[in-house]
Amino acid sequence: MPAWKESPVLAWAGLVLACLFWAGNALVARAFSDAIPPFSLAFWRWSVALALLMPFVAVPLWRHREQLRRAGWRLWLLAALGISGYNCFLYSAAHSTVALNLTLVNTCLPLALFLGSGLLLGEWPGRRAWLGIGVATLGLLWLIGRGDWRVLAGLSFNPGDLLMLLAVFDWALYTLLLRRWSGLLQGVPGLVQLGALILLGVPLLLPLYLLELAGGARFAPSPENLVAIGYTALCASLVAYFLWNHGTRVVGAARAALSNYLMPVFTALLGWLLLGEGLQPYHWSGGALIFAGLLLASRPARS
């Protein structure tokens, strides 16, 4: 395998880009929560992603079919967690909470993966990584509190936030198992692995989508709705998942999860660029702390 594919710098750049796309996904989920039902968005997101990807991976999927078959139930579980479960939780949560809350609750992921990596994989992060997560957490709290620590005492949560918390645990388990079972898929290209997961995940979403249709929940195929589905299919699905899966394999699950601290920063920036929401000093100072913590945790320990 070429050395550049194993570069930690490129892996971190990919993780940052994935979080940018997922911040956009949270904005889309919230902005279109009244226009597109949650299971419909999840089903069509991945169906379109599968249609876009299959021309490129159909032949390699057949070539690696024996290795994928040996992975068996593990691939089904990964598809159920990463393709079906997480997205259904996320889009359902978007109906009762705001986009920023979606990304803020999602930042519980680093701690879940730090602990999970130690307990399930035996990969306890070093002291530098723990220090980095501490600095990043301070930046996150400063961002949540809008520059005033007293604001944190008045925070309240709603059912959508609790659904998002379930999504976080779902995604943490997906990431840890993907790392643990990576040896089973050794030699299978990343896009082919992703294609296999989507191929299994879409049928798992179909019953939920049909149940939603039976209940009368439908969406109009307007240009805006189709663009939203297209964005989630291409950017938030194919590109972001490939970058995340690759980054997790190269830098480890716990360290990769630190990039999730950037999602509230990106959400604020996208809100400023796309929705005209003003950026305040606490956005910049909180974002700077998060970036500092990320850089600190991502630096290799001294030998």
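These numbers were taken from a predicted model, which means no experiment stands behind them.
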query = Step by step, would you call V202 with I198 a side-chain contact (heavy atoms from CB on, under 4.5 Å)?
reply = CA-CA 6 Å; V202 169; I198 300 174; 4.0 Å; yes
Short side-chain to backbone donor-acceptor contact, Y174 and F169, under 3.5 Å =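 Side chain of Y174 to backbone of F169, a donor-acceptor pair under 3.5 Å: no, none is there.
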ask   = Does the E224 side chain pair with the main chain of F32, one donor and one acceptor, at a distance under 3.5 Å?
value =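 Not a single qualifying donor-acceptor pair exists.
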key: Check: W171 ring centroid to Y241 ring centroid under 6.0 Å   =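 For W171 and Y241, the ring centres are under 6.0 Å apart.
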Taking the side chain as everything from C-beta on, heavy atoms only, tell me whether [X] gets closer than 4.5 Å to [Y].
X    : Y    : result
F43  : L206 : yes
L177 : R74  : no
R70  : L184 : no
L191 : L238 : no
W181 : L75  : no
R45  : V48  : no

task = Identify which one of F266, Y231, W244 satisfies the ring-ring contact (aromatic ring centres under 6.0 Å, His included) criterion when paired with W22.
result =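 Passing option: W244.
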query = Of the options N225, N87, T232, which is the one that meets L41 in a side chain to side chain contact (heavy atoms under 4.5 Å, CB included)?
reply =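 That would be T232.
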ask   = Given V192, which of L53, V59, L61 fulfils the side chain to side chain contact (heavy atoms under 4.5 Å, CB included) condition?
value =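 Single side chain to side chain contact (heavy atoms under 4.5 Å, CB included) partner of V192 among L53, V59, L61: L61.
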key: Nearest non-hydrogen partners of L205 and W46, listed with the distance   =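 Smallest interatomic distance, heavy atoms only, reads CD1-CD1, 3.8 Å.
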query = Can you tell me how far the SG atom of C235 sits from the CG atom of L20, to the nearest 0.5 Å?
reply =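 CG of L20 is found 9.0 Å from SG of C235.
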